[in-house]
Amino acid sequence: MRIRADLHIHSCLSPCGSLFNSPSEIARSARRAGLDLIALTDHNSSLNCEAFLEACAREEIAGICGMEATSAEEAHCLCLFENLETALDFSAFIRDHQQKVPLRSERMGDQVVVNLSEEIIGTVDYLLISATDLSIDEMEAQVHSRGGLFIPAHVDRRAFSLTSQLGFIPRSNYDALEWYHRDNPRIADYPEYPAISNSDAHDLESIGRKSFAFEAEAAGFAGLKQWLGQRGSGINRHPSEETPG
């Protein structure tokens, strides 16, 4: 089956995410946008993933638990996991390696953990977008040791990307590269990595505005991982499709 995916979405837990972005509303918006598979990737935390999976099940779409982790180089990286338990284990690991800059909610907004009914069940009082002390290679190794997928985020953006922080895209054990501009000619320079494009949605209206499609037996982590493994050879690759929301 052909699966349309958006694997970079923020909830109300991210300081830059809208408070309207509850897991329940994210799942509803994704269904309305015609998506089959979505991932919750808050900054350096997976604490809203339990409600997210419940919401996806209710809306009958597939969900993947993850986060957008910040390396010591201040590069953003998508870290995706097969199940909630593994995502929460990695979330606790990242918490232990992150700078604890006090959150100024009047400036950055609140960072709230919610349940399926959109009730606030917790908050995070340090700034979640702060960098960790883990290098990109160290972070990649930790994700793969947990059976996860490691994808450098928006590699061609001017901030918080491999390009902006390092000046180039070093070759390493990535499962894919996420490109902000799907028509970037530099994609052809990295044929060994599947090229994907996601919304990086921080509000409900942006969910699905950028997406990609792939073929798998079913929507979910296993199908995605298998497809990425097949595409990693660089044979018959093409940039991910971008579909307006």
Side-chain angles (χ1 to χ4, degrees), residues 5-35 37-70 74 76-81 84 87-88 90-92 94-95 98-132 153-154 157 159-161 178 180 197-211 244-245:
D6 183 353
L7 304 179
H8 192 165
I9 299 173
H10 293 269
S11 79
C12 49
L13 180 58
S14 292
C16 46
S18 169
L19 284 177
F20 292 103
N21 275 35
S22 68
S24 292
E25 287 298 329
I26 287 172
R28 291 190 192 103
S29 296
R31 178 178 52 77
R32 288 194 294 266
L35 295 167
L37 176 65
I38 57 176
L40 185 61
T41 54
D42 282 311
H43 288 290
N44 292 308
S45 180
S46 298
L47 290 179
N48 265 345
C49 281
E50 182 174 2
F52 169 73
L53 289 183
E54 293 172 350
C56 287
R58 185 174 62 186
E59 299 299 329
E60 298 184 331
I61 61 175
I64 293 177
C65 298
M67 72 169 63
E68 184 177 22
T70 307
E74 295 194 326
H76 289 179
C77 305
L78 300 180
C79 308
L80 307 177
F81 300 97
L84 175 63
L88 292 177
F90 186 71
S91 185
I94 288 294
R95 181 186 62 217
Q98 190 179 10
Q99 301 176 44
K100 301 301 190 296
V101 178
L103 174 67
R104 295 175 57 186
S105 58
E106 73 280 2
R107 180 177 179 181
M108 296 300 299
D110 296 312
Q111 300 176 154
V112 297
V113 182
V114 299
N115 61 20
L116 184 63
S117 300
E118 301 182 335
E119 299 167 325
I120 295 175
I121 59 174
T123 60
V124 177
D125 60 4
Y126 60 89
L127 188 61
L128 282 173
I129 60 174
S130 300
T132 66
H154 41 63
R157 291 189 72 174
F160 301 114
S161 69
E178 181 194 60
Y180 186 71
S197 181
N198 301 297
S199 69
D200 192 5
H202 288 71
D203 55 69
L204 298 175
E205 292 74 19
S206 297
I207 293 172
R209 286 188 177 175
K210 288 185 180 180
S211 65

What pair of heavy atoms forms the shortest contact from L127 to Q98, and how long is it? O-NE2, 3.4 Å
Can you name the residues that form a salt bridge (Lys or Arg N to Asp or Glu O under 4.0 Å) with E25, not counting sequence neighbours? R28
How long is the straight-line distance from CG of L47 back to CZ of R95, given to the nearest 0.5 Å? 7.5 Å
Kindly determine whether I207 and I9 satisfy side-chain contact (heavy atoms from CB on, under 4.5 Å), including the steps that lead there. CA-CA 7 Å; I207 293 172; I9 299 173; 4.0 Å; yes
Shortest non-hydrogen contact between A55 and S24, atoms and distance: CB-CA, 3.7 Å
Distance (rounded to the nearest 0.5 Å) between H154 NE2 and F160 CZ: 8.5 Å
Heavy-atom side-chain contact between C16 and H43 under 4.5 Å: yes
Nearest non-hydrogen partners of K210 and S197, listed with the distance: CD-OG, 3.7 Å
In Å and rounded to the nearest 0.5 Å, what is the CG to OG distance from N198 to S206? 13.0 Å
S11: which of V114, V112, N48 passes side chain to side chain contact (heavy atoms under 4.5 Å, CB included): N48
Minimal non-hydrogen separation, L128 against L13, with atom names: CD1-O, 3.5 Å
Between D6 and S199, is there a donor-acceptor pair closer than 3.5 Å when you use the side chain of the first and the backbone of the second? yes
Quick check: does any side chain N or O of N44 sit under 3.5 Å from a backbone N or O of S130, one acting as donor and the other as acceptor? yes
Compare all side-chain heavy atoms of I64 with those of T41 and state whether any distance is below 4.5 angstrom. no
Closest heavy-atom pair, M67 versus S91, reported as atoms and distance to 0.1 Å, is CE-CA, 3.5 Å
Using a 6.0 Å cut-off, check whether atom OH of Y126 has over 12 heavy atoms from anything other than its own residue. yes
Quick one: SG on C65 to CG on D42, what's the gap to the nearest 0.5 Å? 11.0 Å
Geometric class of the H202/H10 ring pair [parallel <30°, tilted 30-60°, perpendicular >60°]: parallel
pair E178-L7: side-chain heavy atoms closer than 4.5 Å: no
Any side-chain heavy-atom pair from L204 and I26 closer than 4.5 angstrom? yes
How close do A131 and T70 get, counting heavy atoms only, and between which atoms? CA-CG2, 3.7 Å
What distance separates C56 SG from I61 CD1, expressed to the nearest 0.5 Å? 4.5 Å
Quick one: pull up CG in L84 and CZ in F52 and give me the separation to the nearest 0.5 Å. 11.0 Å
